[in-house]
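Reading through the structure tokens given below for one structure.
Given the structure is predicted, the values throughout are model-derived calculations rather than measurements.
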Amino acid sequence: MNGEVLVFLILASLAVIGGLLMLNLKKVVHMLLSLVLTFLSIAGLFIMLSAEFVAVVQVLIYSGAVTIMMIFGIMLTRHQDEQRVQKNRVRTWVVLIGILVFFYTMYEAITRFVSVEQASELHIENTKQIGMALYAKYVIPFELTSVLLLVALIGAIVLAKREEEEEVKQE
Amino acid sequence: MCDKLLPYAWLIPVFPFVSFIMLLAFRHRLQAYSSYIGSALTGLSLVAAIVVWVTGWSVQSVQHTGVWLAFESVELQMGTWITPLNLVMLNIVAFISVCVHIYSHTYMKDERRRSTYFAWLGLFTAAMLGLCLSPNLLQFYMCWELVGLGSFLLIGFHFEEDKAKAAAKKAFIMTRIGDIGLLAGLILLYWQTGSLQFTDIYTVISSGELEAFHVTLISLLIFAGAVGKSGQLPLHTWLPDAMEGPTPVSALIHAATMVAAGVYLVAVLHPLFMASDTALTVVAVTGGVTATVAAVIAIAQTDIKRILAYSTISQLGYMMLALGSAALAAGVFHLMTHAFFKALLFLTAGVVIHHFKTRNIHQMGHAFSELRFTGMTFLIGTLAISGFPLFSGFFSKEAVLSAVWHDERYLLFSLALLTTFLTAFYMFRLFFIVFMGQGKPTSGPKKALSMALRLPIAALSVPAIGAGFLYTPWFSAFGNWITQWQTAQIDPGHEVPWWMMPSAIMCSLAGIMLAWVMYQKLRVPLRELPYLHAFTLRGFYMDELYHYTIKQPLQFMSTTTVYIEKFVVETVMESSSSFVKWVGKYGARLQSGQVQTYGAVGFVGLSILVFILFWTGGYF
Amino acid sequence: MSWIDQLLQSPPGWSNFLTFMALGSMMLTITLGFVTYAILAERKIMGAMQLRHGPNQVGGRFGLLQTVADILKLLLKEDIRPAHADRALFIIAPILTYVPAFLVIAVLPFTEAFHFADIGIGLLYYIAISGLSTIGIVTAGWASNNKYALMGGMRAAAQMISYEIPLVMSVVGIILFTGSLNLIDIVNAQESLAFIFLQPIAFLIFFIAGTAELNRTPFDLPEAESELVAGYHVEYSGFRFAFFMLSEYVYLFAISALITILFLGGWHDPIPYLELDGPGLGAIWFSLKFIGVVFLFIWVRVSFPRLRADQLMEFGWKVLLPVALANIFVSAVIKEFFF
Amino acid sequence: MTSVPLNAYLMLALILFCIGLFGALTKRNTVIVLISIELMLNAVNINLVAFSKLGMHPSITGQVFTLFTITVAAAEAAVALAILMALFRNRSTVQIDEMDGMKH
């Protein structure tokens, strides 16, 4: 066992533990914090996969995202409103069985998948490589994504804005 | 000159239409001026009609049309069509309409809804004039229905009275029965000839391309429309009831113009009828029988307007008889003279009714001494309709008789002769009872007739006397003129047997004499023959016949179907709808609005598919 | 390849582990030393500026051991936990706040020789990791089950997310000129001219946004004593409170070092062409610049009053962000035409 | 060169994806559903990055697409949270099983 496998095992188990905790915890804030663990572990995995820029972006975005989600979770959840016991047990079981079937199928598929390792130079000036690809080859998707973000920004503001008369009523 | 003025013939119906729109739109503001506006605008259209007549005297057939609607290859035309026949009709209609407008000025003076009345009159006149100008059957049909609408509105003008309401409805529905035939014939005609243009139809008929069967069928269907509109047997019952309308309306619509529209229809499509012997026979027989039966019914009536109404039916039968005997000129000629004297009779009858405040002739009498002018003019009308020599009716009736004789329909000829006798009888019965009878004189102050009443009556008296000289056995210019535009038509001429004229004169004089004897000399009431009297009084029980043969079975059928509807159809409907509801109710549970459930179902389905795909050796 | 790179790429083993531990502890000691005397310095400078003495009893007439005494007191204090607080999160929150603060130090190059991780995206790493502290602060605010604490946490989250954007935007100009996110490259690019002269506006924005990120006056709304008692750490005491204090001052340390690296040329001599880049001089230059920046922070704290919450957000979104964007544009133009 | 095989990354991604899916389909709090969806997207990102390095044809494209995925996910989360806020204002709940206004 070398260091890389060790690190992989640690990070992977942390990610899975975070996910499982998320499924089992009761409070929204707890759930979100357990997912922080998962997201950070995934960032670590990205570094292992020579994707340091993506890893940092992952940390940057998801630390902000989780913070916002926490705020929303706190604001939009009534005080004692913990995750109540699932009323719809049938659905839970059906979903569980479906996921298990899916998991098993995919598991079979993955174990049959034989990868050929190849030398890659992704870790050398990773950010520069991404920049080159992004601004040369994928410049149109990049611009489209920026448009999408703008639209989402405006849409979110419009949606979250309180209606005028409602505002008056509240005052 | 005619080139310049004839294209403006479309203005003729526009004037009364403007009157209609104006009076309807500003009916409260123009209440006081409604009669002036109506009369003036109708007068304008009379002037226009006369101008067109004068300028178009020598015209055979001139069309001015424009495309109204175009569907792919089919073009519907609107416009005007000038032929001698149209000119005659136009002038008659415009003239009588003006007379009636002026007459109504006084007659409807106390009416609260004067402007509405004049508006309807304007609508009717416009529609009738438009009908006379129609270059094709479609426009003709539209105007035909508009005329029906105007008639409906005017009959039911006093819609606060139940009888008027019922009469209006009856008139509308009875004529509609004929109109269905007309519409069917129209569609069939279009199917067969590919055009509704009269001129095109003539061309097709003269080329002889149509099958005889189709010609007969089409002409009979179209004749059904004419039967309805012109009150021929068996669809005549609406006309006597239509007398509930104001008397000027009766004069205009139910004597001179609208009922003549059916005759005009047959006349304008005369080449079509000429192409089928069967159709001609049907027309002639219907006309002859109607003439006689209506005359018989008229004998027993006690309502002055009903007598005139039955006499109208009878005279219309004459016209149909003439047309059915291939004598277009005679038919149209009788139409013209009849329009004059019948309008005259109705207008004078209106004065009489106004005077006695009743329509029952037995409550009248001595009118001659009190209403001298009216009596004189009524006498003119009576003489004209009775076929008294040298009056207009004499010549036109004589023309009809000779046409029938010439067509070798001897039975119909004898019926026509009999009708002449009967006409003279019942008309003079009316005259003697009303004007010479012994009813007590009215006590009210004697008012001189106003000019507005006198003028139209006087104006109508002149043609009632003199119009006959236009077409006499020794002067057939009118006949040639009226028929010349139809190439297929040849004026049968007046090669009458020598005894024709004397026998006709004899018949009419005999009728007059009998009436004089019965009602003036001996005063024998007709009630002596109770069954016959009742039979004729009720118009041969026509209404009752319809009631029991058509209305009752229909009622029964409708009641039955109501029950079927209620218990059979409803049950089926109810059960099927409740089944659908049930399905919907339980189906809707699938759509619970739970996004996660949808997602779960979708995902489970996907995982099953992936599983199957994987184990059957899909993509992996 | 420097010795630390060799160390990082060597196979794992107990010796390596111990080496890392030792290095980490050394850095921790340095930062703790800094914190101790930064607090003292702050108090003394504030005292001087407010015409009073500041601490002057413990450790001689300069109060040199005052902070040590304070820390000892905090460590000895009873650990109070509110009854209705969320137990687990109440314990985790200070650690969550402090760990990122210490993590960021790993990429800061102090001198040419003295630096730990030389990673390609050092600058972005710093910003990303420092953002993680927000989670700790929000967690602390929520776990305390106290409305002041919660409001402080909320404010911290809103403020830090808002000011992180101009912070990142302002350094884009520097990245443009350097062509690298590596902090050592950035310092080397300033051999002749510090970026503060090329990017004065970026410096201003970075300084202001950095102050906000540090939750220092005039942007100390999350812990505004007069409004929220003490904000998100109102329920904390003892050494848990010390963690928050510690992380705050470690961030002061880190951001001052970062400003020195980004704008002031790091270990290079402040006056170019003077050829004062001796082997040991780099550390001295760095320390002088660093102390200057820290002084600036303290000076600002003493001088400015606190902003209102709405003013704070409006200033961030409506002033700093547009100015930072304009700065990027201007930098791009300058880079295109003059370099 | 590297000793962790691609299959290991794929397996980890699969596990995380299943966890995210289960959370998205069973959790009642919409905030958690949203973050579960983020987790699923992250699992996909792991696959992308893993293939970009360890796949048949190593290329930077996988990382670029991961960036796109993160961006789109951020946009999605922003709009979703705005909708959630509007919903909460009207219905004062974020329980996903109470948001059934579109049924029938």
Got a second to check how far [X]'s [atom1] is from [Y]'s [atom2], nearest 0.5 Å?
X        : Y        : atom1 : atom2 : value
A:Ile42  : D:Leu39  : CD1   : CG    : 6.0 Å
A:Leu159 : D:Leu81  : CG    : CG    : 11.0 Å
D:Thr26  : A:Leu23  : OG1   : CG    : 6.5 Å
D:Leu48  : A:Leu49  : CG    : CG    : 11.5 Å
A:Tyr62  : D:Glu38  : OH    : CD    : 4.0 Å
D:Ile60  : A:Gln129 : CD1   : CD    : 4.5 Å

Is [X] close to chain D through its backbone or its side chain, or both, or neither, when contacts mean heavy atoms under 4.5 Å?
X        : answer
A:Phe53  : side chain
A:Met22  : both
A:Ile61  : side chain
A:Leu100 : neither
A:Leu35  : side chain
A:Phe8   : side chain
A:Leu153 : neither

Would you mind checking which part of [X] comes under 4.5 Å of any heavy atom in chain A, side chain (CB onward), backbone (N, CA, C, O), both or neither?
X       : result
D:Glu76 : neither
D:Ile70 : side chain
D:Leu67 : side chain
D:Leu16 : side chain
D:Phe17 : side chain
D:Ala8  : both
D:Thr66 : side chain

Output the option from [options] having the highest count of non-hydrogen pairs under 4.5 Å with chain D.
options                             : answer
A:Val158, A:Val54, A:Thr111         : A:Val54
A:Leu134, A:Val151, A:Leu96         : A:Leu96
A:Gly64, A:Gly155, A:Ala12, A:Gly18 : A:Ala12

- Query: Between D:Leu14, D:Val79, D:Ile46, D:Val64, which has the largest tally of heavy atom pairs under 4.5 Å with chain A?
  - Reply: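 Among the listed options, the one with the most contacts to chain A is D:Leu14.
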- Item | Options D:Leu84, D:Leu25, D:Leu34, ranked by heavy-atom pairs under 4.5 Å with chain A, top entry |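 Most heavy-atom pairs under 4.5 Å with chain A: D:Leu25.
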Heavy-atom closest contact ([X] atom, [Y] atom, distance):
X        : Y        : result
D:Cys18  : A:Ile99  : CB-CG2, 3.7 Å
D:Leu12  : A:Ala15  : CD1-CB, 4.4 Å
A:Ala51  : D:Val49  : CB-CG1, 3.7 Å
A:Met48  : D:Lys53  : O-NZ, 3.8 Å
A:Ile110 : D:Met11  : CG2-CE, 3.8 Å
D:Ala78  : A:Ala156 : O-CB, 3.9 Å

- Does OH in A:Tyr107 sit with more than 12 non-hydrogen atoms of other residues, nucleotides or ligands closer than 6.0 Å?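 Count not over threshold, so no.
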- Backbone N or O of A:Ser50 within a donor-acceptor pair of the D:Gln63 side chain at under 3.5 Å?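 Yes; judged by distance alone, with no hydrogens or angles, the pair exists.
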- Full working for side chain to side chain contact (heavy atoms under 4.5 Å, CB included) between A:Thr38 and D:Asn42: CA-CA 9 Å; A:Thr38 308; D:Asn42 260 293; over 6 Å; no
- Task: Would you sort out whether A:Leu148 and D:Thr71 count as a side chain to side chain contact (heavy atoms under 4.5 Å, CB included), showing the intermediate values?
- Result: CA-CA 9 Å; A:Leu148 176 78; D:Thr71 318; 6.0 Å; no
Scan the side chains in residues 137-146 of chain A for donor-acceptor partners under 3.5 Å anywhere in the protein, sequence neighbours excluded, and list what turns up.
unit_1	atom_1	unit_2	atom_2	d
A:Tyr138	OH	D:Thr61	OG1	3.1
A:Thr145	OG1	A:Pro141	O	2.5
A:Ser146	OG	A:Glu143	O	2.4

